[in-house]
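Written below as structure tokens is the structure these notes are about.
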Amino acid sequence: MTNIYNVLIIGAGKIGAFFDAPDSENILTHAHAFSTHQKFNLIGFVDKDFQASSKAAQLWNCKAFKSIQDAFLKNKIDVVVVAVPDEYHYQVLKGALNYKVKLIFAEKPLTKTLKQAEEIIDLSKKKEIPILVNYSRRFVPEFIELKNKIQKNELGSFVGGCGYCGKGFLHNGSHLIDLLNCFSLSIENVDVVSKMYDFFDDDSTISAVLKLKNNTTFFLQGVNCSLYTIFELDLFFEKARIRIVDSGFSIEYFFVKESVVFKGYKNLSLQCKVQTKLDKSLLFAIQNIADFLDGKTELLCSVQDAILIMKTCLI
Ligand SMILES: NC(=O)c1ccc[n+]([C@@H]2O[C@H](COP(=O)([O-])OP(=O)(O)OC[C@H]3O[C@@H](n4cnc5c(N)ncnc54)[C@H](O)[C@@H]3O)[C@@H](O)[C@H]2O)c1
């Protein structure tokens with residue numbers, strides 16, 4: 001018999017409900033991912049703004065609840081999604097951990113402070129409720145493939161890199177830090193060069209020199225993302241250069257080639273540009289949830305991964 005898991009989404013905002021619609025090709029909302037996947041049944045939404053949850057419920061053909069208590073009183077819920085703004089993650093996660101659910105799918109960052117994150121991790125252990133954190137690129141097959149290539153040393157050792165991002169070091173920069181961690185490029189030190197506040201008063205966008213393992217460096221250029229959005233990484237290995245561009249919708253692979261112009265010189269030549277399925281990351285993430293709940297696999301982004309990121313971002 002196949003298990004079907006009932007889902008409640010807390011936070012009927014952009015990523016919860018409104019980045020897309022049932023007929024969109026892209027899968028950009030939790031609502032779209034869970035209502036598309038046959039292992040899940042989207043029960044409904046809770047939002048502190050009941051108009052928002054009602055509008056979301058209408059769009060996604062499910063129910064709107066006035067409170068989390070109300071939702072649990074009337075339904076058996078297996079999975080809770082926390083998709084409220086960063087500053088409410090702690091409070092809402094703590095509330096959700098009061099209920100006997102099988103898993104919580106939490107938006108990033110896990111919380112705003114390390115103390116809050118440690119408390120959530122302790123509670124999750126005590127209550128035996130696993131939490132998957134949505135560092136979206138971790139779930140995308142093309143990023144998993146790149147991670148495997150790096151781990152199998154197919155590209156050679158890492159020699160250095162740089163990246164661009166903005167909209168807060170914790171809020172958005174944490175995606176970049178997560179990729180470095182995911183590729184086992186462990187960060188030993190962050191030397192901040194400058195700070196700016198492009199989106200949040202309490203979460204600056206930083207430019208910094210990151211000291212990585214084996215005495216290598218990664219230069220992070222903070223960009224004012226109130227002008228435009230940018231998220232890019234440029235990673236140099238002994239045998240290849242990897243450019244993650246267009247927010248991660250493309251990965252460019254460059255390999256070492258003999259120069260056709262200057263005899264004896266070696267250049268980096270673009271071999272392929274892979275289009276990733278980042279537009280479906282939520283579908284891959286919930287596939288990970290389904291496989292985990294069915295006892296087939298581990299979670300691809302755990303609270304331990306999330307707290308490691310926070311230790312770098314909360315400097
Ligand atoms: N993983 C990713 O790539 C990714 C992408 C976008 C957003 N996010 C994260 O998702 C979260 C939500 O972002 P968004 O852009 O959808 O925000 P949003 O402001 O569009 O929506 C948030 C919703 O939560 C509701 N809300 C606020 N506090 C609440 C509470 N205590 N209880 C119930 N509802 C509450 C608001 O009324 C609003 O409807 C953020 O933490 C953000 O970092 C992650």
Side-chain angles (χ1 to χ4, degrees), residues 8-20 26-33 44-60 64-72 80-99 104-113 116-117 120 131-140 143 165-179 182 199-200 202-203 205 225 229 231 244 246-249 276-286 288-289 300-301 305-306 309-310 313:
L8 175 72
I9 299 177
I10 308 178
K14 292 187 281 296
I15 198 161
F18 298 116
F19 266 144
D20 63 5
N26 293 337
I27 299 199
L28 306 177
T29 58
H30 290 279
H32 200 176
F45 292 90
V46 174
D47 196 289
K48 68 176 184 183
D49 171 4
F50 189 62
Q51 261 193 330
S53 45
S54 304
K55 218 173 122 200
Q58 206 174 9
L59 179 65
W60 295 102
F65 302 100
K66 290 226 159 94
S67 65
I68 184 165
Q69 294 93 313
D70 190 27
F72 274 89
V80 169
V81 176
V82 176
V84 297
D86 302 3
E87 58 270 34
Y88 299 107
H89 287 186
Y90 166 70
Q91 170 201 323
V92 174
L93 282 166
K94 213 172 153 184
L97 283 162
N98 279 324
Y99 295 90
I104 296 174
F105 187 19
E107 267 309 336
K108 45 58 50 178
L110 182 59
T111 57
K112 289 284 279 184
T113 70
Q116 292 172 342
I120 293 300
I131 302 176
L132 178 69
V133 186
N134 189 22
Y135 278 101
S136 33
R137 292 166 190 82
R138 282 215 178 215
F139 306 106
V140 176
F143 280 93
C165 69
K167 206 174 179 179
F169 192 34
L170 182 64
H171 182 81
N172 232 22
S174 61
H175 276 294
L176 187 147
I177 297 304
D178 181 52
L179 278 182
C182 171
F199 265 86
F200 307 102
D202 62 346
D203 184 12
T205 283
C225 278
T229 299
F231 182 91
I244 296 169
D246 192 16
S247 298
F249 280 93
T276 72
K277 297 180 199 72
L278 186 58
D279 57 332
K280 307 239 172 355
S281 71
L282 278 168
L283 204 51
F284 296 114
I286 70 164
N288 183 223
I289 295 177
L300 288 173
C301 191
D305 296 316
I309 299 163
M310 290 176 71
C313 291

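All values below were derived from every heavy atom in this structure, side-chain atoms included, with hydrogens, water molecules and symmetry-related copies excluded. Start at 1 and go down the list; that is how both ligands and their atoms are numbered. Sequential numbering from 1 along the given sequence is applied to the chain's residues.
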- Item | Presence of salt bridge, D178 and R138, under 4.0 angstrom | yes
- Note on the structure: Chain-and-number sorted residues having a heavy-atom contact under 4.0 Å with ligand 1 are I10, G11, A12, G13, K14, I15, D47, K48, A83, V84, P85, D86, Y88, H89, Q91, V92, E107, K108, N134, S136, H171, H175
- Is there a donor-acceptor pair under 3.5 Å between the side chain of H89 and the backbone N or O of V84? yes
- Task: Examine distances only and state if a side-chain atom of D203 and a backbone atom of L170 form a donor-acceptor pair shorter than 3.5 Å.
- Result: yes
- Message: Checking the side chain of T29 only, and the main-chain atoms of I15 only, is there a donor and an acceptor separated by less than 3.5 Å?
- Response: no
- Task: Answer with yes or no whether the side chains of E107 and H30 bring together a donor and an acceptor at under 3.5 Å.
- Result: yes
- Item | Geometric cation-pi criterion K55 and F18, 6.0 Å radius, 45° cone | yes
